[in-house]
Each structure stands twice: as C-alpha cells, then as structure tokens.
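Below is one structure; the comments refer to it alone.
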Amino acid sequence: MSSTLTVRSAVPAVKAASSVDMTTSLGRFELPNPVLTASGCAGAGQELAQFFDVAALGAIVTKSIMMNARSGRATPRMAETPSGMLNSIGLQGPGLEVFLERDLPWLVERGARAVVSIAGGSVDEFTKLAMRLREVRGISMIEANISCPNVEDRGQVFACDPRSAAEVVQAVRRAVRSEVPVFAKLSPDVTDIVAIARSCVAAGADGLSMTNTLLGIVIDTDTMRPVLAGVTGGLSGPAIRPVALRCVWQVHAAMPEVPILGMGGIRTGLDALQFILAGASAVSIGTEIFHDPMSPVRILAELEDALAARGFAGVADAVGLAHGERPPAGEFPIDAAHHHGQLLTPDDNPV
Amino acid sequence: MPVQVNGEVLSLRRVGAYHAMTVVAPGVAEIAKPGQFVTVAVGGPDTSMMMRRPFSIYQIRERGVYGGTVEFIFSIEGRGTAWLAARQAHEPIDIVGPLGKAFSLPREPATCVLVGGGYGTAPLFPLADALRARGCRIDFVMGASKEERLFGALDAKRISATLSVTTEDGSVGHRGRVSDVLPDVLSSSKADVVYACGPMGMLRAVSRIADAAGIACQIAVEELMACGVGVCMTCVLPVVGDDGVTRMVRSCVDGPVFHGDRVRFDDIGTIPADALGAPQPIVVKPQPRSSLKPTGQQASAEVTR
Ligand SMILES: Cc1cc2nc3c(=O)[nH]c(=O)nc-3n(C[C@H](O)[C@H](O)[C@H](O)COP(=O)(O)OP(=O)(O)OC[C@H]3O[C@@H](n4cnc5c(N)ncnc54)[C@H](O)[C@@H]3O)c2cc1C
Ligand SMILES: Cc1cc2nc3c(=O)[nH]c(=O)nc-3n(C[C@H](O)[C@H](O)[C@H](O)COP(=O)(O)O)c2cc1C
Ligand code: FES
C-alpha cells in the first residue's frame, strides 16, 4: 500500500533526457523552456521554492508591482466558480523599493529568470516604475500589466482602449533598457483584441501576454448580495481557457511575427500545447498553482512528453502550427493522439 | 517546510455532526505542530473545484503502520466537503502541509485555558498534548450551537482540570456562549494564557475578555483561502505589527495563529484607512445610497490610486 504513496516535495525525479529542444524565446529573452508562472499566482517565487526548484522553469513572472505599498481591496476577495475562480485582490503589494531590495535579489541568487510585472494607476506611474527598473540588473523581461480588472475605476484599464494601451507601452518601452523586452498584458474583455494588440506593437511592445482575467460577478443567494467585497472580480482558471486561446489564435493569425506569452486556465501539458499550437512561444501557469503547487514543473514535463510523442524536434517547431493546413487523414501522429486523448476532436480523428 | 503528498485515506468515521478523516501522509505528520493546517484537493483529477480545502490538523501520528498519518475533523458545508465525506479507505488523496504558523507554547509550566467553538476544538487537542508534556494545567471551554456539534467533550474532560460546556440551544451544559462562562473560568483557574479556535465572532469575544483580564491570548482564524501557501493574497486580515503599523497580512503563512490583541476584529472585511497602503479617498462627493446596499461595502465614491 505504501508503495503508492509519494512525497511530491523538493525536486521532482530527473526524467530520462528527451530529444526535444525545449528552448524558446520571447523577443530577445532566451528561455531554457517555455513554462513560466503567471503574475499574481506565484508571489515572487519564495513560497513555491518549498515545492520545486524555481530555476527549473522558463521564468518566474512576479506579482504586479506598483510604486508604493498597496493594501489591495477589502475581503472577501475570492469566490470559487465552476472550473475557476473570481479574485479581487486589488494588487496588494509592498511597493517597488521593497520588491527590489527583498524579492528580486532572491530570484537572481537562485538562478531563476525574473520577469517583472509592473502596474500603474497612470501613465506617469508606469513611466516612474520603468525608469527605476532601468538601473536594475537581473530582470529578463518586463510585463506591463495594463489589464488588471481590480481597479475601482474601469477607466483605468488601459488595455480596454487602443490609445491608452499604446501610451503606456510607449512610455515603458522608452524608459527601459533596449535589451530588456517589454510585453504588454492584454485583457480578453474587449471587442477587438487584434486592434489593441496592433496598437501595443506599434507603440513598441516586443510581445504580448495573453490573457488577463475576465470580469465577473458571483451573487450569494443567502445574503442576496455579491460575494466579493469589491463586487466584481477577475475570472481565471480552466473556465476561461477557450476564450484566452481564441485571443492568442486571433492575434497570432494577424501578426505571426509577434511573440506571445499565452495563459488562461492551463492545467496540463496538453493545455499548454494548445496555446503553443495557437501561436504562443511560451505559457504562464496561474490558477492551477493554487490547485497543485507543483503544477508548473509537472506541466513542463507533460509538455515535453507531448511534444516528443508527436515527433517534434523542438518546441519552436510547434509554435502556431495549428494555423497551418490540416494534414490529410491518416497523417496524424495517431499513437500520440490516442494515447493522450483530448487533442483530436471526433471530426479530426482518422478512423 | 510543507510538502505535497499523494496520500491515501486510511479511515473515515463519523463523530457527532462531524467526519474524521485520517490520511497516510508521510512527510506531513513528522513536522506538523499544533495550530497548523493542511489543504486537500477535492473532486478528483478532473475536478471543477480548483480551490483546495483547508482543515486544521487534529491528530498526528508520526509512525503508523503505513507511515505518518494526519487526521482532520470536518463538517459538510458544501460540495468539497461532501465529496470528502464520500471517500473510502485506500482511495488516493492529494494533501499539502503542514501549513501556517503554529501556536507558541509557554516556556514555563502555566495554566492554559483552551476555548473552542464547534470543530474549532479539533486543533486544541494536539495543543493540549504539547502543553501537558510541558507540565501545564489545562482548563477547557467548548461551545457549539447544539450537542452534536460539540467536538471531543469526553477527551477534553479526561485531559483538563475543568471542562465548561455551552450550547446555544441548551441541549447540554450552560445555555449560551463560551463568552458567558469564560470570565469565571479565567479567574477561578488563575489563567496565564488563553488559546482559542472557532468562528470569528467567538474569537473576537474571547480576545476582548482575555485582554480585559490582562491575559495573553492566541487565536487561530479561518479565512477564505485560494492558495494556502502565501502566493495569492486572498486570505488577508488587518493585523497590528510590532511597529504599531496595521498591515493586511496573510492568514495562511503569517497565521492562522495570531495574538488576539493584534487582530483588528472590527475592521475585518474592510481596509482600515490607516493600514499600510490603504486607498486614499480622493473624491468626497456624497452619493445617495440605496438602503438595499449591503453593509461593509466600500463607498463607491472612493477611488483607489
Ligand atoms: C485554516 C483553516 C482551518 C480550517 N479548519 C477546519 C476544520 O478543522 N474543520 C472544518 O470542518 N472546517 C475547517 N475549515 C473550514 C473549511 O475549509 C471549509 O468548511 C471548507 O473549505 C468548505 O468547503 P466546501 O466545498 O464544503 O464548501 P463550499 O462553500 O462549497 O466552498 C466554496 C469555497 O469557499 C471556501 N470556504 C467555504 N467555507 C469556508 C470556511 N469556513 N473557511 C474557509 N474557506 C471556506 C472553500 O474552501 C471553497 O474555496 C478551516 C478553514 C481554514 C481557513
Ligand atoms: C489571485 C490572482 C491574482 C492575480 N494577480 C495578477 C497580477 O497582479 N498581475 C497580472 O498581470 N495578472 C494577475 N492575475 C492574472 C493571471 O496572471 C492570469 O493572467 C490569469 O489568471 C489567467 O491565467 P490562469 O487561468 O492560468 O490563472 C492574477 C490572477 C489571480 C487568480
Ligand atoms: S491563501 Fe493565498 S496567500 Fe493566503
């Protein structure tokens, strides 16, 4: 009986070396593999290091940091929803200086790559954050969170308007050293994601992170009031996966040369593969970390297996592949497809 | 350091209104301390319930026949706990722990009053064991809405100098709440320290009473959690630090055990204006507020910057 019991702590057992080249890139940022954490779901890495080696991931994307300490929104801040959750954390954090003194050096010491997510209430705050980061070493990439839904004034969601989005991106891109890529993180809650994406790229974004959460509400039928103190919250988890995937698909179709960091409800290596096939060069794991704190390293291993089973030499060969013509029936890597189930729809299945 | 374990249900039994689940969880049991908790994934591999469920650790056996075991007591509150209550022995269960800060123990033998509400008495039993091992005297106070929601009264009687029981319906013991009997227990036992676990309202009352009596008080809170490991900032409450500054601290890593006099009970569910990083109200335009508006909501006229 005890043979089935395994402690999953520490570094997972080293798996047999596979032939798949997992290296990828996000603009000028070269990563050993395409699995990252999602901002706000991994802190700054310290806590997750109890469960796995944070340097084993492509990078850690840190919680969006603002200029000053911020208390966030009132509680309750969370509601579980079918295959997902609503959160209204409201960017609680220690402020940039504490982050730079305490959190970033820890990641660098561990040999982990750090993607620093920044959030500002104004273009001016974004500029100040970016100027300060200019002097700082050990930052692999900057993700400008222009899409946090947890601000009380929806007018502050820069990613809902192409012009405001561009203004922020341009300010950040100008302030940050040129060798550090700047990605804009987009909201799926827009009429035309491609228009926002184009606007960000034209303003100098080196790539796009897609997507942030969708705005939602849950009402408690006992109190007959919204569950969240902040009324609305951001929906994340598997429930949003098809929407996030569609955003990645549309933007990659419109601008295949623009690197994408894909995310939204990824739980397994095959979920990650869907994002890569849709056009993402790398993926971030968010809500699944709450469900399974070791999921980032598990998903990395599953993704590697899935790529190997489909005969890929490298992850780069799979990026955007789903946009190509359908291979003729019978030319799917059937073994892999049968083995892993989910990937093929019944229509695709060569019988 | 917490671990994530593919554990196995060793047993599941009914105890009054509650369920007691023992899980073979090597690596958790060996290092768990009283007051810490575990989180359990519910609903199986393809579950639609993404949030792990937190439970206080009740009993720990470092070396069972099958390895270390952890037992927790739970009440069926919703879909997750209903799923747990339907498990069978030998089924796999994904458990993470031990998590959070434990109760701290007095250095010298002391008189300790343990106050529990409902299943909140569960973590007080391993605490009582640790206190007794240090030569402490235990006085137990437990309360619940009704008799079957008391947990562990017989055991409590065995290990304590005195046991006081309250039920709100009067089905057993004093009719009322633990706060009705606590002041007398504190004075007659000449208590040095109070430990409490239970609903927030009870913890607040207990902290007040201990404070008024000048007795140190540690409480274990129950807040909504998403990650349980300190990465998401869901589980925060306003707590005054050593420097006198109020911060929204994470109850999963900085708690669940706090000093009662540091928790700003009246401000739970709000961001106190003097908390570190609190939003500064910048618009003071009075707005008509519907009487239907729920209490405890932030005024919509406040804009966060
Ligand atoms: C540190 C800690 C220790 C706890 N110890 C115990 C214990 O020993 N025994 C016990 O019976 N219960 C305990 N609880 C409460 C227990 O976690 C909830 O009753 C349980 O999560 C409910 O899950 P559900 O799916 O049945 O309910 P649902 O209402 O369907 O759950 C929906 C969501 O709300 C959360 N939730 C609901 N009620 C609570 C609550 N009271 N506290 C925190 N989250 C809640 C769930 O975790 C889930 O994310 C503890 C909670 C915390 C935070
Ligand atoms: C609790 C929580 C906090 C988050 N905080 C941030 C944040 O600070 N900055 C940000 O850009 N995204 C934040 N997000 C969004 C995630 O990074 C991610 O884009 C989104 O959750 C979708 O991915 P998922 O479904 O894998 O979680 C947060 C999400 C959650 C659930
Ligand atoms: S529950 Fe995530 S920080 Fe406490």
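Below, all heavy atoms of this structure are taken into account, side chains as well, without hydrogens, waters or symmetry copies.
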Please evaluate residues B:Met51 and A:Thr287 with respect to the criterion side-chain contact (heavy atoms from CB on, under 4.5 Å), reporting the C-alpha separation (whole Å), side-chain torsions for both, the decisive distance (0.1 Å), and the verdict. CA-CA 9 Å; B:Met51 301 295 105; A:Thr287 304; 4.2 Å; yes

Does any heavy atom of chain B fall under 4.5 Å from the side chain of A:Met85, the backbone, both, or neither of them? side chain

Can you say whether B:Thr39 sits under 4.5 Å from chain A via the side chain, the backbone, both, or neither, judging by heavy atoms? neither

Looking at B:Arg53 and A:Glu80, is any side-chain nitrogen of the basic one under 4.0 Å from a carboxylate oxygen of the acidic one? yes

Check whether more than 12 heavy atoms from other residues, nucleotides or ligands sit under 6.0 Å from atom CZ of B:Arg87, and answer yes or no. yes

Heavy-atom count around B:Arg264 CZ within 6.0 Å, excluding the residue itself: above 12? yes

Among A:Gln46, A:Arg267, A:Glu288, the residue with the most heavy-atom pairs under 4.5 Å to chain B is A:Arg267

Passes side-chain contact (heavy atoms from CB on, under 4.5 Å), B:Val236 versus A:Gln92? Steps please. CA-CA 10 Å; B:Val236 300; A:Gln92 178 169 346; 3.6 Å; yes

Given a strict heavy-atom distance threshold of 4.5 Å, which part of A:Thr223 is in contact with chain B: side chain, backbone, both, or neither? neither

Any donor and acceptor pair, going by atom type alone, linking the side chain of A:Gln50 with main-chain N or O of B:Val3 inside 3.5 Å? no

With a 3.5 Å distance limit and no angle check, can you tell me whether A:Arg77 reaches the backbone of B:Cys235 through a side-chain donor-acceptor pair? no

Under 4.5 Å from a heavy atom of chain A, the part of B:Val96 involved: side chain

So which heavy atom on A:Ile89 is nearest to which on B:Cys232, and how close? CD1-O, 3.3 Å

Salt bridge A:Glu47-B:Arg250, side-chain N to carboxylate O under 4.0 Å: yes

Flag, side chain of A:Arg70 to backbone of B:Gly277, donor-acceptor distance under 3.5 Å: no

Of all the heavy-atom pairs spanning A:Ser71 and B:Pro279, show the shortest one and how long it is. OG-CD, 3.6 Å

B:Ala226 and A:Phe290: which non-hydrogen atoms are nearest, and at how many Å? O-CB, 3.6 Å

B:Ala41 and A:His291: which non-hydrogen atoms are nearest, and at how many Å? CB-NE2, 4.0 Å

Quick check on B:Pro272 against chain A: is it the side chain, the backbone, both or neither that has a heavy atom closer than 4.5 Å? neither

List the steps, then state whether side-chain contact (heavy atoms from CB on, under 4.5 Å) holds for A:Asp292 with B:Gln4. CA-CA 8 Å; A:Asp292 173 5; B:Gln4 183 176 11; 3.0 Å; yes

Contact part of A:Pro82 toward chain B, heavy-atom cut-off under 4.5 Å: side chain, backbone, both or neither? backbone

Please name the pair of heavy atoms, one in A:Thr75 and one in B:Thr234, separated by the smallest distance, quoted to 0.1 Å. CG2-O, 4.1 Å

Do you know which of A:Ser83, A:Gly43, A:Gly237, A:Pro238 has the most heavy-atom pairs with chain B at a distance under 4.5 angstrom? A:Ser83

Answer whether the closest heavy-atom distance between the side chains of A:Phe51 and B:Val229 falls below 4.5 Å. yes

